[in-house]
Amino acid sequence: MKNLEEEFYSLKSLNLSNRAYNSLMRNGIDNIEKLCSIPKIDFETMSGFGKKTLDEVFDCIDFIKTNGISNTNNINLKNNYSDLIEIDSKKYIDEKIEELNLSKRSYNCLKRNGVNKISEIMNKDEEYFLSIKNMGRKSVDEIINALSNYKLILVEDCESNQNETLIASIFDSLNEKLDIDFAKFNKQVGKILEAYTIIAEYENNFEFYLSDEKIRKMLLSSLYIKECYQMYLIDLIRENTYGCDLEYIFKNTPKLLQDDEFIDNIILNLLNNKKIIKIYDAYFIKYNSVFDESESILGESDYNIFIKRINNYTLEQIGIELNLTRERVRQKIVKILNIFYAKKIKFKEDLYLGIYKNYMISEEDFKIAFDDCKIYSYLKLRYSDYNNYNYEKSPLIDALSNDNIPKSIKRNIEKAVYKDYVKIGKEYIHCTRDEISNYVLKNFARKEITFDDFKDYYFMIIDELDKDYDNKLFMMERGYENKLAKSNSVLWKYGKKFRYYNINSYDFEELLTTLNLNQYRDVEYSTLKFYNLYPELMRDYDIQDEYELHNLLKKICDKDAYPLVDFCRMPNIVFGNADRDSQVLDLLLSLSPISNYDFAIEYEKEYGISANTVLANYMKNFEKYFYNGIYKIDAIMLPDVIANKLKQILTKDFYYIDDIYNIYRNEFPNFGVDMINPYSIKSLGFRVYSKYVISDRFSSAIDYFHHILTNDDFIDTTLFPSKIKQIVSYSSHFYKLKSDYEIIEISPNKLINIRWLNKKGINIENLFEFIEKVYSFTKDGDYFTIQSLEKSGFDNHLRKTNLGDWFYGSILTEAREKFSYLKIGGNKIFVKGIVDISFESFVEYIVFNEKNLFIELNELKNILIQKYQININVTKLLEMLNKSSMFYDKISKIIFADYDIYCENQGLVIKVGE
């Protein structure tokens with residue numbers, strides 16, 4: 001990021017014309033400080049400054065010196081000749097009196113008298129000036145003398161400098177990439193452009209001239225420009241490790257020179273003059289082969305040693321043949337390599353160094369890709385540092401996504417990458433244990449299966465591929481079961497069952513934000529608590545039970561982000577230092593007297609632990625309170641003084657019992673907390689529940705929850721006490737009101753009451769009518785968003801509410817018998833019917849609706865954004881594609897419906913699995 005001070009003093013902040021800005025930059029004046037430090041007379045000797053440009057620059061300097069640098073954003077000095085005077089049918093620029101360069105005293109006298117322009121005093125005599133207040137004889141003489149020396153500027157003379165500005169602007173455009181000498185450029189190109197007519201309307205619009213074919217043809221015909229571009233092209237090719245194809249060259253050519261014929265001719269000239277060579281469809285700098293060139297560098301003896309080493313002779317074999325010791329041969333090889341290094345010698349074989357240096361490519365892979373083992377041997381010998389295990393290289397498959405590698409070379413690398421791939425059904429996968437396992441999960445574990453089921457499917461595939469002899473594909477049962485337990489492709493369930501679930505295809509921000517696990521301290525919960533609290537959220541993320549939720553959270557919750565969260569045996573989670581007996585006792589105190597069965601039910605509601613588990617394992621230390629099937633703990637009542645004081649303080653309708661404890665401790669630190677119990681709290685006017693209380697002016701907790709959710713026309717749930725959302729009965733009633741359309745979400749956490757819609761003339765029947773219209777308009781299996789629906793011609797009669805697209809989506813969300821939906825990329829995707837919906841199936845829908853069953857990655861992104869209003873992270877999109885049955889070609893960046901469609905459109909079938 002630029003330093004703020006540098007940004008502040010940049011010339012760009014001055015709002016100068018392109019002409020003035022470019023002239024200053026060419027002369028090394030690149031900031032305001034330099035601009036104001038140069039005497040005005042020095043500008044007149046600089047190149048590129050016509051009269052109009054000088055006027056603009058001087059006005060700018062005067063403004064800064066008068067108003068300060070901090071006010072430069074207010075400068076608007078671009079001269080458009082709006083102030084003109086006409087004398088004898090000729091137009092002159094009416095300049096300010098500042099151009100007379102008067103003394104401060106004379107200048108101030110004129111300004112105080114309202115004189116701003118030279119035309120106002122041009123024809124005034126001595127008597128007029130003497131009549132001005134405080135104007136002395138000396139000032140009068142100075143002004144008259146300045147006027148006699150001043151020459152009016154004809155507009156025609158000023159406009160003659162516009163061609164100079166055009167030349168400078170073109171130079172700046174080309175000089176961003178090409179190394180051009182301005183004097184030579186101006187001498188040759190300037191003459192060509194001298195007769196070019198500047199159109200007043202586009203005087204400062206350089207983009208207009210960039211697209212002008214006359215200027216382009218003038219430039220493309222210039223021998224000097226051809227010479228400069230040729231040198232630039234050689235440097236461009238030399239700097240690119242992987243060579244340059246035509247697409248890359250065109251993209252990196254200055255816009256004014258982007259002409260196919262011009263570029264082709266320059267390349268042809270470089271090829272004919274042996275400056276560059278063409279390998280496949282890429283261009284490289286021309287170097288001689290190590291086998292042809294190195295003898296003249298090394299001499300015959302060392303050359304023979306070096307070539308034998310490239311041909312994979314061992315040091316011992318070379319030594320025996322040449323009667324040298326092994327150590328002496330090694331020393332000679334080191335000496336040879338040092339000569340190459342010292343002289344920075346490059347050979348034709350070095351053109352492959354980028355691939356060898358940056359990617360994990362074996363000799364076998366190199367042979368498959370480039371049909372030459374000797375090049376690999378040379379690279380391995382000369383660049384032995386890159387053979388070190390400490391030198392990090394990327395997997396070879398990553399080369400296919402590298403935009404700097406020409407496509408033709410990537411197609412060759414592709415043959416090596418896919419050498420171990422096999423075709424199963426319509427998919428094309430790497431023949432490894434993990435990839436075959438992933439195929440089994442995708443195709444056979446959509447519903448829950450056991451590990452034994454998984455093994456049967458896995459070995460069935462191995463048998464079909466005739467690979468049961470391949471030890472690399474053998475599966476150690478216990479070890480692989482543990483590996484699957486950690487996999488991001490499955491969710492484990494009760495009874496050691498699991499199902500396929502592509503964790504990498506989801507954005508879990510909403511899930512983690514809603515659960516907010518870091519809010520809990522020193523407590524033990526079962527994930528059943530959260531599963532019951534947020535049924536809609538669980539449905540959005542396709543989480544089917546508390547065991548799946550536990551397994552998912554364990555995989556996506558980083559220990560650094562959740563340091564106090566301990567994922568115990570499914571489905572329990574411990575937050576901080578939980579004390580199970582204290583949890584039980586606190587709840588017993590709040591609910592006593594209560595039966596053992598009812599208590600277990602309440603404990604399940606509060607903490608998510610199943611009632612049967614509570615009865616079997618949690619109550620052994622509380623038998624002293626248990627009699628005749630009832631737990632009872634004697635309670636102490638509050639003294640009247642304390643009770644009356646607490647009634648004055650506890651004025652809200654809802655409290656967590658812990659909050660009442662804290663208030664009590666602050667107000668009465670010398671009294672025991674055992675006075676706060678269900679009996680004493682009831683005496684304060686509250687109904688007591690497991691962990692919270694409700695004012696007894698409400699008949700029940702549901703009555704209170706209904707009140708806060710329906711009392712106002714507009715509801716913002718972020719304003720509710722945060723702990724309310726942790727109560728299952730609140731969550732249940734909230735979702736019931738939504739499903740009954742008593743309240744409707746208009747944006748996340750913001751809802752509207754049906755009562756408000758009724759006032760606007762819209763009732764619940766109108767909402768049902770909207771649902772039916774959407775259902776009739778769409779086809780079975782159609783994916784859509786509210787935005788894509790309307791772009792397809794759907795007439796939304798509810799638009800008059802002006803409540804936004806989220807509101808219309810919320811209406812469809814509750815129509816679960818008619819539509820399935822998925823939240824992704826800040827929107828909701830719907831599909832007609834009750835179906836399993838995923839982002840993968842949605843993208844497949846888009847691809848299969850393309851005429852040729854394939855789509856470019858960028859086009860898919862545009863469709864998602866423009867048609868469906870879905871913003872998706874590209875990394876997530878690619879992760880999903882790699883796990884799907886679709887085939888993504890990393891080189892062309894095209895998504896094909898499957899591998900067969902890819903082969904059909906490439907005009908090839910890569911032999912696999914051989």
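A salt bridge is defined here as a Lys NZ or Arg NE, NH1 or NH2 lying under 4.0 Å from an Asp or Glu carboxylate O, and Glu604 with Lys529 fails to meet this definition. The existence of a salt bridge linking Lys861 and Glu859 is excluded, since no basic side-chain nitrogen approaches an acidic carboxylate oxygen closer than 4.0 Å. Using a 4.0 Å cut-off between a side-chain N of Lys or Arg and a carboxylate O of Asp or Glu, Lys442 and Glu427 qualify as a salt bridge. With respect to the salt-bridge test (charged N to carboxylate O, under 4.0 angstrom), the residues Asp782 and Lys779 do not qualify. Ion pair Lys423/Asp900 flagged as a salt bridge, since at least one NZ, NE, NH1 or NH2 atom sits closer than 4.0 Å to an Asp/Glu carboxylate oxygen. Contact check on Asp713 versus Arg755 returns a salt bridge, with a Lys/Arg side-chain nitrogen under 4.0 Å from an Asp/Glu carboxylate oxygen. Residues Asp658 and Lys723 are not paired through a salt bridge, judged by the lack of any N-O separation under 4.0 Å between the basic side chain and the carboxylate. With salt bridges taken as basic N to acidic carboxylate O contacts below 4.0 Å, one links Asp716 and Lys750. Contact check on Asp740 versus Lys736 returns a salt bridge, with a Lys/Arg side-chain nitrogen under 4.0 Å from an Asp/Glu carboxylate oxygen. The existence of a salt bridge linking Lys823 and Glu510 is confirmed by a sub-4.0 Å separation between a basic side-chain nitrogen and an acidic carboxylate oxygen. Taking the charged nitrogens against the carboxylate oxygens, Lys493 and Asp545 do have a contact shorter than 4.0 Å, which makes a salt bridge. For Asp542 and Arg499, the salt-bridge test passes: some basic side-chain N is under 4.0 Å from an acidic carboxylate O.
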Inset, instruction - Starting from the C-alpha separation in whole Å, work towards a yes-or-no answer on side chain to side chain donor-acceptor pair (under 3.5 Å) for Ser841 and Tyr783. - result: CA-CA 9 Å; Ser841 63; Tyr783 286 77; 2.8 Å; yes

Inset, instruction - Mind running side chain to side chain donor-acceptor pair (under 3.5 Å) on Glu856 and Ser892 for me, showing each step along the way? - result: CA-CA 8 Å; Glu856 290 185 8; Ser892 63; over 6 Å; no

Inset, instruction - Check the pair Tyr899 / Tyr421 against ring pair (Phe, Tyr, Trp, His ring centres under 6.0 Å), numbers first and verdict last. - result: CA-CA 11 Å; Tyr899 176 65; Tyr421 275 57; 8.8 Å; no

Inset, instruction - Begin from the C-alpha positions of Gln869 and Asn827 and carry the test side chain to side chain donor-acceptor pair (under 3.5 Å) through to its verdict. - result: CA-CA 7 Å; Gln869 303 270 299; Asn827 209 342; 5.9 Å; no

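The ring of Trp492 has its center no closer than 6.0 angstrom to the ring center of Tyr547.
In the displayed structure, Lys867 atom NZ is contacted under 6.0 Å by at most 12 heavy atoms of other residues, nucleotides or ligands. More than 12 heavy atoms of other residues, nucleotides or ligands shown are found within 6.0 angstrom of NZ on Lys559. Heavy atoms of other residues, nucleotides or ligands lying less than 6.0 angstrom from NZ of Lys455 number more than 12. Counting heavy atoms of neighbouring residues, nucleotides and ligands inside a 6.0 Å radius, atom OH of Tyr597 does not exceed 12 of them. Within 6.0 Å of the CD atom in Glu509, the count of heavy atoms belonging to other residues, nucleotides or ligands does not exceed 12.
Aromatic ring orientation, Phe567 versus His550: perpendicular (interplanar angle above 60°, classes split at 30° and 60°). By the 30° and 60° cut-offs, the orientation of the rings of Tyr603 relative to Tyr607 is tilted. Ring planes of Tyr902 and Phe896: perpendicular class, angle over 60° (limits at 30 and 60°). Between Phe508 and Tyr541, the ring-plane angle classifies as parallel under the 30° and 60° cut-offs. Relative orientation of the Phe454 and Phe498 rings is perpendicular, given thresholds of 30° and 60° on the angle between their planes. Classification of the Phe794-Phe777 ring pair by plane angle, with boundaries at 30° and 60°, yields perpendicular. Ring geometry, Phe530 versus Tyr520: the interplanar angle falls from 30° to 60°, so the pair is classed tilted.
With hydrogens and angles ignored, the 3.5 Å screen pairs no side-chain donor or acceptor of Asn852 with any backbone N or O of Phe854. Within the 3.5 Å criterion, the main-chain N or O of Tyr845 finds a donor-acceptor partner in the side chain of Asn849.
Side-chain contact between Phe654 and Ile727 is present, with heavy atoms from C-beta onward closer than 4.5 Å. A 4.5 Å side-chain heavy-atom check between Lys447 and Asp836 finds at least one atom pair inside the cut-off.
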